[in-house]
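Step one of this worksheet: look at the structure below.
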Amino acid sequence: MELDKSVLDSQVFTAFAETSKKRYIYMCNMETGVSRWSRYAIEYFGLPDEYMFNAGAVWLDNIHPDDREMYTKELDLIFSGQKMSCDMEYRARNKDGEYVICSGRGRVIKGENGQPDLFCGTIENHGIIDDVDAVSGLYNIYGFWKFMKNVREHSDNISVLEISINNFGDINEKYGYEFGNYLIRKFSEFFLNKTRQNGYVFRMDGVRFAFVFTDKDEEWIQNFYTELQNGMKEKNIQYKDKFITTISGGAVIAPDNADGYSILASVSYALSKSKHQRHGQLVFFDNSTLESNRKNLELLEALRHSVLNDCKGFYICYQPLVSAREECLVGMEALLRWKDENFGEVPPGVFIPWLENDACFYDLGNWILEKALTEGKSILEKYPDFVINVNIAYTQLENQGFRDAVEQILKRTGYPAKNLCLELTERCRVLDRQYLKREIEYFKSIGIKIAIDDFGTGFSSLNLLSELPVDTLKIDRGFVLDIEDRPSNQAIVEAVSLCARKLGVKVCIEGVETRKLIDFLEQYGAYSYQGYYYSKPIRREEFIQKYI
């Protein structure tokens, strides 16, 4: 059938359609039913042609079965004249058979007679990642990976400095995200100007920035970092209140055989030490962590190899969660462990910070989830309300495919969603607050519970409880240590517990190690306890024997 391309055959459409490979435009003649779609959409999703008749029905075949009813209802409302615009999110299958999340927006344009004439809009493909950060204008972490691959092929002497702006979450909470983005742009301009002629700068996740140099030694990098620190202090921002921004930094001079992933994991590890142990002093990744720089990289390579080799060497231990009132078993937390023939039993405090900065942690995190649910399912026969808590990492939560991964794991294991609690680790909490809220709401909509882990550390604050629909917060053990003799910690635990109860959020207190401490904590009305008094983390077999 010859399609009527009138109205749609426009050079303006062609021009706009070529501007983005991830944001597609479409235009539908509502009288003839003929649509024109961006060429990039046709290629990515394997659609029949740029011009299509009844494109809504054609596109429906690509949409995830669970999202089709919602999509069909929206489209019917548009073409029946009951709505003039739509804004929806759904999953669509690309030509390789993979589902990606898409945001579809459209609006009806009326003709000269006042009747609906054209339906025009955009489809944004979240499965394609831009190399440029929209807020800062700098290349982002994906641009960083491409650059590192290229520069590694042409240079041996590579140095990477990664910095983080301290306490930026407080600025966002006090002044709003719009002002926070304004600061990001201003600081990005400053970083770019400082780096010209010397190297390259990238915006990583959150408020982290990476600088890449060639042929620079430690002294030069230290001086550069000091200039950044002084420059940030000189850029005092006057906005209602005057405040000074500070930074933390980690750096590495990479060995010849190190790849981009090992380099970034190393420098991120050094940055963490700068932030949490050295009060912002620049930390070089060197032999102060294990035996030597090369030894650390060997450890990371072994960890990554274990992940790629069906997570060989990794196993799960479980620590009980006990009801504060009856002191009966209500759940358990899954905790990752790793043993290697060359490195022996490596403490989680050593290898987990490394892996959390590595891209392979997404697959490992999903393995932890599936393993824990598989091993814990039999407990539900005796304890139908039993809940397994599993930590999720930043790399999982930011991944567009994580929703589907969790649903598939629940389906494969047959584990009920209502008996699973996902614990948000600290780095998860630096994600965009609205994005984080949407992800939490989605998991809660299918029955999964959400907890905030280590509450009171890092970026956590009381307004998280009002903004995020969580079920449980876990008070960090640091507030429980010596609480009987520390009035300040008593006041904090009391305030957090009272606030949580009024908001309908359960409180779990970690670090419970003595009977005396339990008796003291009774006054705060916690829902559950976790700690060595009840049990250290143990293997499944021992857990079953001891509690089930």
Side-chain angles (χ1 to χ4, degrees), residues 314 316-324 329-337 348-349 352-353 355-356 361-362 364-373 375-376 385-399 402-403 405-406 409-410 415-431 433 435-437 439-444 446-461 464-465 467-480 496 500 503 505-512 526-531 534-535 537 543:
F314 289 101
I316 308 294
C317 283
Y318 300 94
Q319 190 169 32
L321 295 166
V322 176
S323 163
L329 186 69
V330 294
M332 64 184 184
E333 180 179 354
L335 298 164
L336 183 66
R337 298 292 184 263
I352 287 180
L355 284 175
E356 284 187 329
F361 198 89
Y362 177 77
L364 177 60
N366 292 346
W367 177 87
I368 295 169
L369 179 61
E370 184 157 356
K371 185 76 171 176
L373 300 190
E375 293 190 340
D385 296 325
F386 187 85
V387 173
I388 296 180
N389 287 35
V390 180
N391 289 286
I392 56 172
Y394 178 97
T395 48
Q396 291 171 280
L397 202 58
E398 72 164 351
N399 191 297
F402 187 53
R403 292 184 182 184
V406 172
I409 289 170
L410 290 172
Y415 191 88
K418 67 182 180 66
N419 294 91
L420 169 63
C421 179
L422 299 179
E423 293 193 14
L424 305 183
T425 55
E426 181 185 339
R427 285 194 67 196
C428 291
R429 303 196 292 262
V430 304
L431 286 165
R433 194 63 57 84
Y435 175 84
L436 186 57
K437 184 178 181 181
E439 295 304 295
I440 290 174
E441 288 175 341
Y442 171 77
F443 287 121
K444 284 178 66 68
I446 62 174
I448 295 174
K449 298 174 176 62
I450 302 293
I452 298 177
D453 193 20
D454 297 330
F455 192 85
T457 64
F459 291 93
S460 62
S461 61
L464 277 175
L465 300 183
E467 292 185 10
L468 301 180
V470 301
D471 301 280
T472 304
L473 67 84
K474 303 181 75 175
I475 296 179
D476 183 69
R477 66 186 306 275
F479 292 101
V480 176
V496 171
L503 292 171
V505 176
K506 295 178 180 178
V507 171
C508 173
I509 299 181
E510 301 177 298
V512 175
Y527 169 76
S528 59
Y529 297 137
Q530 180 178 351
Y534 298 104
S535 175
F543 190 98

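For Asp471 (side chain) and Ala451 (main-chain N/O), no donor-acceptor pair under 3.5 Å exists by modelled atom type. Of the possible polar contacts, one joining the Gln396 side chain to the Ala393 backbone as a donor-acceptor pair under 3.5 Å is found. For Lys449 (side chain) and Lys418 (main-chain N/O), a donor-acceptor pair under 3.5 Å exists by modelled atom type.
Here the CD1 atom belonging to Ile450 is positioned 9.5 Å from the OG1 atom belonging to Thr472, to the nearest 0.5 angstrom. Between Asp385 atom CG and Leu329 atom CG the span is 11.5 Å, to the nearest 0.5 Å. With values rounded to the nearest 0.5 angstrom, Phe402 atom CZ is found 6.0 Å from Asn366 atom CG. Note that CD1 of Ile392 and OH of Tyr362 are 11.0 Å apart. Values are rounded to the nearest 0.5 Å. Rounding to the nearest 0.5 angstrom, the gap separating the CD atom in Glu370 from the CD1 atom in Ile316 is 11.5 Å. Taking NZ of Lys474 as the start and OG of Ser528 as the end, the distance is 7.5 Å to the nearest 0.5 Å.
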- Report the C-alpha distance between Phe543 and Glu375 in whole Å, list the side-chain angles of each, state the deciding distance to 0.1 Å, and finish with yes or no for side chain to side chain contact (heavy atoms under 4.5 Å, CB included). CA-CA 11 Å; Phe543 190 98; Glu375 293 190 340; over 6 Å; no
- Can you list the steps and then say if Leu369 with Leu422 is a side chain to side chain contact (heavy atoms under 4.5 Å, CB included)? CA-CA 9 Å; Leu369 179 61; Leu422 299 179; 4.3 Å; yes
- Item | Val505 vs Val507, side chain to side chain contact (heavy atoms under 4.5 Å, CB included): CA-CA, chis, key distance, verdict | CA-CA 7 Å; Val505 176; Val507 171; 5.8 Å; no
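With Met332 as the partner, the side-chain contact (heavy atoms from CB on, under 4.5 Å) test is satisfied by one option alone out of Ile388, Asn389, Val387: Ile388.
Heavy-atom neighbours of Lys506 NZ from other residues, nucleotides or ligands within 6.0 Å: at or below the threshold of 12. Residue Lys371 places its NZ atom among 12 or fewer non-hydrogen atoms of other residues, nucleotides or ligands, all under 6.0 Å distant. Other residues, nucleotides and ligands contribute only 12 or fewer heavy atoms inside 6.0 Å of the OH atom of Tyr527.
Among all heavy-atom pairs drawn from Pro348 and Arg337, the shortest one is CG-NH1, 3.5 Å. The minimum heavy-atom distance linking Asn391 with Glu423 is given by the pair OD1-OE1, 3.3 Å. In terms of heavy-atom proximity, Ala526 sits nearest to Ala324 at O-CB, 3.2 Å. Minimum interatomic distance between Lys444 and Pro469 (heavy atoms only, all atoms of both residues): CD-O, 2.8 Å. Between Arg477 and Gly511, the closest heavy-atom pair is CB-CA, 3.6 Å.
Take Tyr534 and apply the side-chain contact (heavy atoms from CB on, under 4.5 Å) test, not counting sequence neighbours, and it matches Pro320, Val322, Glu327, Val512, Ile518, Tyr529, Tyr547.
At a threshold of 4.5 Å between non-hydrogen side-chain atoms, the residues Arg403 and Glu439 count as touching. A 4.5 Å side-chain heavy-atom check between Leu397 and Leu424 finds at least one atom pair inside the cut-off.
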